[in-house]
Protein chains: 2
Amino acid sequence: MNENVSMAVVRRLPRYYRYLEELLRSGVNRISSGALSARMGLTASQIRQDLNCFGGFGQQGYGYNVEHLKSEIGRILGADDKKSAIMVGLGYMGHSIVSHIKFDKRGVTIKAIFDIRDEVVGSMVNGIRVYHTDELERICEEIKPEIGILTVPKTEAEKVSERLIRNGVKAFWNFANMDLQMKFPGVYFENVHLGDSLMTLRYRLNDRDKA
Amino acid sequence: MNENVSMAVVRRLPRYYRYLEELLRSGVNRISSGALSARMGLTASQIRQDLNCFGGFGQQGYGYNVEHLKSEIGRILGADDKKSAIMVGLGYMGHSIVSHIKFDKRGVTIKAIFDIRDEVVGSMVNGIRVYHTDELERICEEIKPEIGILTVPKTEAEKVSERLIRNGVKAFWNFANMDLQMKFPGVYFENVHLGDSLMTLRYRLNDRDKA
DNA sequence: TAGATTGTTAATCGATTAACAATC
DNA sequence: TAGATTGTTAATCGATTAACAATC
């Protein structure tokens with residue numbers, strides 16, 4: 001057990017969750033930290049340390065029950081306790097996220113989408129209504145979203161996030177190529193900086209790196 | 001100067017690059033590690049350590065020339081030396097990536113897109129031709145891509161990456177919700193696990209976390 | 001019971017921060 | 001020159017790994 005769980009540990013939890021799902025699907029009922037570590041490319045020690053931040057889920061001499069461990073990690077992550085989200089910006093990225101990601105499985109429900117283009121305002125995407133961004137305040141009043149999904153152009157990101165924060169949003173999934181954390185210290189930003197990711201990949205192909 | 005630069009440092013480089021671009025755009029010609037650290041929410045020490053992995057780009061008593069530092073980091077990342085990429089899978093995600101990301105600015109050029117759906121095969125997306133996946137080998141022969149962009153469903157990811165590796169691909173930008181690193185040890189995978197990212201965000205909204 | 005494997009403490013490793021002499 | 005700020009070494013902090021007693 002551990003009071004303040006580090007970000008490094010938290011970021012590994014969804015990965016454990018995926019592997020446990022996979023194991024369950026292939027009919028494996030029990031697994032040891034050693035066997036799981038071999039599959040995942042970690043040390044058995046690290047897995048045991050990580051899990052013991054949240055409690056003792058295993059049994060000496062036996063290992064871990066896959067189904068039980070999966071459900072415990074799901075509970076820790078909040079997969080079954082849905083939080084409301086709204087998305088702002090229904091461009092390519094917004095559209096792709098909303099149709100591609102299994103929000104339900106991950107404890108998040110998108111309640112509304114906002115955009116400024118008349119072609120999309122009033123339509124439905126994946127069963128979710130698209131409103132004009134002018135209606136943001138009115139709809140937030142009703143929905144009380146805790147999560148904002150920022151799929152707007154960089155130029156709009158700061159303005160939009162400020163409006164959302166004023167309306168009670170506490171955490172952002174930020175796809176805009178911009179850091180907002182410094183501007184809004186009390187709020188959590190989970191950044192998906194695809195440009196940064198691509199540049200990191202590009203770096204690995206440098207010759208210097210191989211030498 | 002440093003022989004083996006750690007991943008932690010490399011992942012900060014694109015972020016420095018973004019901030020330097022921003023500074024340059026707003027007409028700032030010179031910056032000290034202290035001033036930059038305040039903007040970025042890092043320590044000045046860390047910035048100096050990071051940069052000195054690659055060389056001494058500053059000047060005592062002055063700081064760093066923004067334009068020079070930006071171009072040096074660009075060079076380190078390989079932004080000006082284009083590497084060939086191909087994309088496999090033109091679903092929502094593929095489409096969004098290809099139209100949204102500034103590959104050119106980041107040292108990567110997409111040379112071809114592959115999909116299996118007749119509706120899209122033969123079309124052009126952002127000036128890039130879409131081929132049937134059956135033609136993968138033939139086109140790879142011609143293009144010799146170093147980077148593979150995996151925007152296929154999870155079920156196809158392993159099969160596709162194996163084919164690409166056989167055809168010379170050395171690094172993947174992987175959007176499939178699956179880890180392939182263990183299966184292909186010599187190859188680099190830059191994973192964009194959006195599901196994991198969303199779950200990490202969801203975790204932060206748990207009450208326990210706030211207490 | 002004996003073997004296996006956990007939970008947990010201690011040791012190690014690596015990354016971040018602090019300090020300061022060098023120097024522009 | 002004096003003040004500012006780097007590059008770099010040393011100190012600290014945190015995360016990972018190793019070890020092992022507890023125990024199923």
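Order of the sequence lines sets the chain letters (A, B, ...), proteins ahead of strands, with each chain counted from 1. Note that the structure is predicted; figures quoted are calculated from it, not measured.
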Side-chain donor/acceptor of S6(A) to base of dA15(D), under 3.5 Å: no
No-H, no-angle donor-acceptor pair, Q49(B) side chain to dT17(C) base, under 3.5 Å: yes
Measure the distance from [atom1] on [X] to [atom2] on [N] and round it to the nearest whole Å.
X	N	atom1	atom2	result
Q60(B)	dT23(C)	CD	P	7 Å
Y64(B)	dA4(D)	OH	C1'	13 Å
Y62(A)	dG7(C)	OH	P	13 Å
D50(A)	dT16(D)	CG	P	7 Å
R11(A)	dA15(D)	CZ	P	13 Å
Q46(A)	dG14(C)	CD	C1'	13 Å

Nucleotide paired to dC13(D) in any strand shown, Watson-Crick or G-U, under 3.5 Å: dG14(C)
Side-chain N,O (R48(B)) to OP1/OP2 (dA19(C)) below 4.0 Å: no
Expected output: side-chain D179(A) to main-chain Q181(A) donor-acceptor under 3.5 Å: no
Backbone N/O of H193(A) and side chain of S197(A): donor-acceptor pair under 3.5 Å: no
